[in-house]
Amino acid sequence: MMIRDSAATMAAALAKKEISAVDLANQHYEQIAAVDKDVHAFLYLDKEGALAQAAEVDKKRAAGEKLSPLAGVPLALKDVLTQKGVPTTCGSKILEGWRPPYDATVVTKLKEAGIIILGKTNMDEFAMGSSTENSAYGPTKNPWDLTRIPGGSGGGSSASLAAFEAPLAIGTDTGGSIRQPAAVTGTVGVKPTYGGVSRYGLVAFSSSLDQAGPCARTVLDTALLHQVIAGFDPKDSTSINQNVPDIVAAAKKQDIKGMKIGVVKQLSGNGYQKGVENKFKESLDELVKLGAEIVEVSCPNFEYALAAYYLIAPSECSSNLARFDSIRFGLRVGDDGSKSAEEVMNLTRAAGFGREVKRRIILGTYALSSGYYDAYYGSAQKVRTLIKRDFESAFTKCDVLVSPTAPTTAFKIGEKTNDPLAMYLNDIATIPVNMAGIGGMSLPCGLAEEDNLPVGFQIMSPAMKDDRMYLVGGALEAALIDKWGKTILDFAPKLVGSK
Amino acid sequence: MSAISRDEVANLARLARISMSDAELDHLATEMDVILGAVARVQEVAGKDVPPTSHPLEVSNVVREDQVVPSLTPSEALSGAPASHEQRFKVPQILGEE
């Protein structure tokens with residue numbers, strides 16, 4: 001079995017024909033069959049499509065065709081990206097059974113690279129949440145402890161990696177939905193610079209914040225996947241028309257001597273679990289040993305980031321989700337010939353959306369309504385300017401910024417479902433990155449002493465300097481593995497039935 | 001005093017085209033009050049001189065030559081429709097009887 005190996009190791013074995021892409025996909029389907037009844041990372045498995053795709057890669061390899069580096073390596077796709085002919089629900093009842101007629105650009109690039117898409121992963125409905133408990137199809141469980149959340153919204157993607165159901169996954173990050181799930185499952189996740197990866201075919205939640213990105217178990221695997229999906233796309237008018245920096249070389253470089261690493265003063269203290277802070281500080285010591293210089297920087301307006309986010313994201317969501325109107329796709333309820341289109345819309349949206357989505361649509365509708373617009377949405381946009389300025393000033397003093405990714409380790413399923421504000425606080429350290437459109441990575445930095453659960457270390461880099469987070473992340477990962485003598489997932493309890 | 005009344009929430013639900021029961025409205029009005037109380041902090045910090053940011057990048061309008069490229073066929077475009085008729089989306093009635 002190769003399922004515990006890195007994607008890079010799998011790719012090398014495939015290239016040497018030590019294993020076929022079909023066999024590798026089947027090993028992962030075996031693991032999914034064994035553990036996913038407990039973990040519930042997947043909403044849909046496209047076994048037939050994946051195995052056909054794998055057979056195609058094997059055929060090309062046998063014929064001596066030149067293949068992309070990750071050709072034949074399996075991947076789990078977050079259910080918010082369209083894949084032609086494969087059900088795409090966004091974790092919502094309103095899209096149950098919908099099969100998109102087109103591929104997202106990210107999916108097109110994955111297919112062109114010969115990456116095998118095993119299936120679609122669970123998520124909070126329309127990516128709104130930090131625990132996957134808002135999925136209409138039931139929560140995903142954290143492979144470290146099945147009574148705990150795997151993070152959100154991309155908890156299905158992070159759990160599939162930690163459960164060795166897939167070595168690679170795609171996530172999307174609007175306020176931390178790639179990084180926080182990575183942090184609480186002991187995996188790696190990167191939110192690229194806004195515009196660095198196409199949003200075409202990514203079902204929109206908050207268009208000025210949404211960004212698709214790579215997830216994996218190692219920094220190098222994450223970089224390899226990032227390189228596949230990145231780049232300019234004429235189908236996305238906010239896509240950046242510039243070359244992506246060489247992130248794979250950066251992930252391999254392992255040399256951070258003389259780099260200046262800024263610790264954000266505001267992203268610590270009150271609300272941060274002791275064990276999270278301790279592991280974060282120990283990682284700073286490792287960075288110093290590697291020759292980096294640690295400087296403290298202040299970003300005073302980060303204090304207002306969460307409040308601004310919970311106005312901007314709901315405002316954009318209230319507008320974006322207007323498209324779920326029962327006319328062109330998805331659910332239609334109450335159309336018995338006697339009701340008007342408006343009545344049918346009202347009934348469909350009542351039946352199709354869950355509580356958190358309704359809450360955010362109402363909040364956004366309020367923030368955008370005349371009389372309140374300036375006080376709420378307008379003020380939030382000004383805060384966004386101040387956060388951008390804080391980052392600009394901080395990056396004059398250092399090359400990257402760092403913080404814990406999430407204030408706590410994985411909490412219990414059900415613990416925060418009745419307190420929206422407590423749930424929103426999970427994103428306190430990840431949101432500023434989205435507000436400014438810069439890059440952010442989370443990588444595992446140890447287990448908290450209170451609960452033996454993984455802690456995430458966040459690295460933030462200026463826009464289009466994504467290579468810097470890979471450079472620091474790659475060096476820190478190597479130092480930590482050297483210190484532990486094994487990877488973080490080697491500390492995780494074995495799932496029942498796991499191969 | 002609460003920041004938002006139950007009647008205001010009912011009006012927002014009507015604008016957002018989501019039908020809600022009385023119990024749902026009561027619950028949401030209470031939650032909205034708490035959330036608005038927390039997010040109102042954004043008003044404390046930015047002065048009049050701070051310009052708003054609506055987008056993280058310097059976005060400018062993107063224009064290109066009008067080229068004909070392959071697109072979805074009518075049957076593909078209609079494939080997810082709850083109801084269709086010939087090559088059209090079929091909608092519930094949009095005008096009254098009179």
Side-chain angles (χ1 to χ4, degrees), chain A residues 98-102 194-195 208-209 234 237-238 240 301 304 307-308 310-311 318 322 325-332 335 339-347 349-350 353 358-359 361-363 365-366 369 375-376 378-386 388 420-421 434-438 463, chain B residues 3-4 8-9 11-21 24 27-28 31-32 34-57 59-62 64 71-73 75-84 89-96:
Chain A
W98 181 57
R99 289 176 187 255
Y102 69 103
Y194 182 90
S208 79
L209 301 164
S237 63
T238 59
I240 298 177
N301 296 294
Y304 299 92
Y310 277 98
L311 287 163
S318 71
D325 59 3
S326 79
I327 304 298
R328 289 160 300 160
F329 34 70
L331 189 69
R332 180 180 287 185
D335 185 17
K339 293 186 183 69
S340 69
E342 192 178 321
E343 285 171 304
V344 170
M345 249 177 238
N346 279 317
L347 292 170
R349 289 162 65 83
F353 290 141
K358 287 178 187 171
R359 196 182 285 136
I361 290 175
I362 298 296
L363 180 58
T365 306
Y366 179 80
S369 45
Y376 288 100
S379 297
Q381 286 186 307
K382 289 182 171 189
V383 171
R384 195 167 184 180
T385 305
L386 297 176
K388 276 191 82 169
L421 283 180
N434 301 78
M435 298 289 265
I438 65 168
Chain B
I4 186 163
E8 279 181 285
V9 176
N11 186 44
L12 293 169
R14 190 183 59 77
L15 291 171
R17 304 282 185 269
I18 303 174
S19 78
M20 283 193 190
S21 68
E24 258 184 300
H27 189 69
L28 195 55
E31 281 182 341
M32 285 285 291
V34 175
I35 296 170
L36 285 173
V39 298
R41 303 191 62 203
V42 294
Q43 297 160 22
E44 295 167 12
V45 54
K48 279 204 182 78
D49 56 325
V50 177
T53 296
S54 59
H55 206 272
L57 304 173
V59 275
S60 53
N61 204 10
V62 179
R64 61 163 172 79
S71 61
L72 299 180
T73 63
S75 70
E76 283 173 328
L78 289 166
S79 63
S84 60
F89 294 99
K90 190 177 171 190
V91 303
Q93 58 167 330
I94 53 169
L95 299 170

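Everything numeric here is computed off the predicted structure, so don't read it as measured data.
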Please state whether the side chain, the backbone, both or neither of A/Lys339 comes within less than 4.5 Å of a heavy atom of chain B. backbone
Only pairs of heavy atoms separated by less than 4.5 Å count here; which of A/Val344, A/Leu311, A/Leu209, A/Asn301 has the most with chain B? A/Leu311
Quick one: of A/Met345, A/Glu342, A/Lys388, who has the most non-hydrogen atom pairs under 4.5 Å with chain B? A/Glu342
Atom CZ of B/Arg17 and atom OG of A/Ser326: how far apart are they, to the nearest 0.5 Å? 11.5 Å
Residue pair B/Pro92 / A/Ser340, side-chain heavy-atom distance below 4.5 Å: no
After noting the C-alpha distance and the side-chain angles of B/Glu44 and A/Tyr304, does the key distance pass the side-chain contact (heavy atoms from CB on, under 4.5 Å) rule? CA-CA 9 Å; B/Glu44 295 167 12; A/Tyr304 299 92; 3.5 Å; yes
Checked B/Leu57, B/Leu78, B/Leu28, B/Val45 vs chain A; the most non-hydrogen pairs under 4.5 Å come from B/Val45
When rounded to the nearest 0.5 angstrom, what is the spacing between CD1 in B/Ile35 and CG in A/Leu363? 6.0 Å
Chain B heavy atoms under 4.5 Å from A/Ala375: which part of the residue, side chain, backbone, both or neither? both
Pairs of heavy atoms under 4.5 Å with chain A: top-ranked of B/Thr73, B/Leu72, B/Asn61, B/Val9: B/Leu72
From A/Ile361 atom CD1 to B/Leu15 atom CG, the distance as rounded to the nearest 0.5 Å: 12.5 Å
Between A/Ile327, A/Thr365, A/Ile438, A/Leu331, the one whose heavy-atom pairs under 4.5 Å with chain B are most numerous: A/Ile327
At what distance, to the nearest 0.5 angstrom, does CD1 of B/Ile4 lie from OH of A/Tyr366? 5.0 Å
ring-ring contact (aromatic ring centres under 6.0 Å, His included) filter on A/Tyr194, not counting sequence neighbours, yields B/His55
Quick check for you: among B/Leu36, B/Asn11, B/Val34, which has the greatest number of heavy-atom pairs under 4.5 Å with chain A? B/Leu36
Separation of B/Ser54 OG from A/Arg384 CZ (nearest 0.5 Å): 7.5 Å
Residue selection (most heavy-atom pairs with chain A, distance under 4.5 Å) from B/Ser79, B/Pro82, B/Ala83, B/Ala81: B/Pro82
What part of B/Glu31 gets closer than 4.5 Å to chain A, counting heavy atoms only: side chain, backbone, both or neither? side chain
Chain B interface, residue from A/Ala341, A/Gly437, A/Gly378 that has the most non-hydrogen pairs under 4.5 Å: A/Ala341
Note: vs chain A, highest number of non-hydrogen pairs under 4.5 angstrom among B/Pro51, B/Ala13, B/Ala38, B/Ala46 is B/Pro51
Part of B/Ile18 within contact of chain A (heavy atom distance under 4.5 Å): both
Taking all non-hydrogen atoms of both residues into account, name the closest pair between A/Lys382 and B/Val50 and its distance. CE-O, 3.3 Å
List in chain and number order the residues that pass side chain to side chain donor-acceptor pair (under 3.5 Å) with A/Lys358, two or more places apart in sequence or in another chain; answer none if no residue qualifies. B/Glu24
